[in-house]
Amino acid sequence: MAYRYEIIILDRALYRFTEAKETADSFVEAMSRIFLSDTRLCPRILNIYCRKPVSGDLQLMGRYDGLMAVSSGGEAYSHILSLSNGMDYYLTDDGFRRKL
């Protein structure tokens, strides 16, 4: 089931924010579409929020670090999206993939 996400991306280094509306099956899929369409976000450090539909309040969904690289199990990952629920994803040419 597709859900409409109202996403606010805050770049604290530049004191700027970007708003995007995406319809997707998951938040990660929506973020993948945003990053694939706006590659200027890739090398940044960002806080990512979603606007709640009824109240309009912002909820912190996660943080993205385009500068950090980590290694796990002999593999290196960069461009990490860390969600508030503890899940980590890395950016590929096809979008975000879950880090194992």
Side-chain angles (χ1 to χ4, degrees):
M1 182 172 120
Y3 182 76
R4 181 148 178 93
Y5 293 94
E6 290 187 39
I7 299 170
I8 292 89
I9 301 169
L10 175 65
D11 185 339
R12 293 175 42 191
L14 298 176
Y15 300 105
R16 291 179 28 187
F17 69 93
T18 303
E19 291 189 59
K21 295 179 183 179
E22 285 290 334
T23 303
D25 291 334
S26 70
F27 176 74
V28 174
E29 183 181 335
M31 289 304 300
S32 294
R33 291 180 186 174
I34 291 169
F35 273 78
L36 292 175
S37 67
D38 188 358
T39 57
R40 295 175 301 152
L41 297 172
C42 292
R44 310 300 313 165
I45 297 175
L46 309 166
N47 289 342
I48 302 165
Y49 299 87
C50 265
R51 188 176 307 280
K52 292 183 178 180
V54 176
S55 67
D57 293 341
L58 297 180
Q59 177 178 349
L60 178 65
M61 298 299 287
R63 292 186 168 84
Y64 170 80
D65 192 336
L67 304 176
M68 180 177 68
V70 296
S71 99
S72 174
E75 294 193 33
Y77 301 100
S78 63
H79 301 88
I80 305 295
L81 174 64
S82 299
L83 298 184
S84 298
N85 64 6
M87 305 282 267
D88 289 330
Y89 296 83
Y90 63 97
L91 188 60
T92 68
D93 291 339
D94 299 323
F96 284 102
R97 299 286 174 236
R98 186 168 177 205
K99 188 177 90 165
L100 300 174

Could you tell me whether the side chain of [Y] reaches within less than 4.5 Å of the side chain of [X], counting heavy atoms only?
X: L91; Y: L81; value: no
X: F96; Y: S26; value: no
X: F35; Y: L46; value: yes
X: E75; Y: K99; value: no
X: E19; Y: E6; value: no

Exceeds 12 heavy-atom contacts within 6.0 angstrom, atom CZ of R97: yes
CA sep, side-chain torsions, deciding dist, call: Y90, Y77, ring pair (Phe, Tyr, Trp, His ring centres under 6.0 Å): CA-CA 6 Å; Y90 63 97; Y77 301 100; 4.6 Å; yes
For I45, side chain to side chain contact (heavy atoms under 4.5 Å, CB included) partners two or more places apart: D65, L67
Gap separating the OH atom of Y5 from the CD1 atom of I34, nearest 0.5 angstrom: 11.0 Å
Would a distance-only check, ignoring hydrogens and angles, find a side-chain to backbone donor-acceptor pair under 3.5 Å from [X] to [Y]?
X: S71; Y: G74; result: no
X: S84; Y: L60; result: yes
X: R44; Y: Y64; result: no

Cluster overlap [X] with [Y], hydrophobic side-chain contacts below 4.5 Å:
X: M31; Y: M87; value: yes
X: I80; Y: V28; value: no
X: F27; Y: Y49; value: no

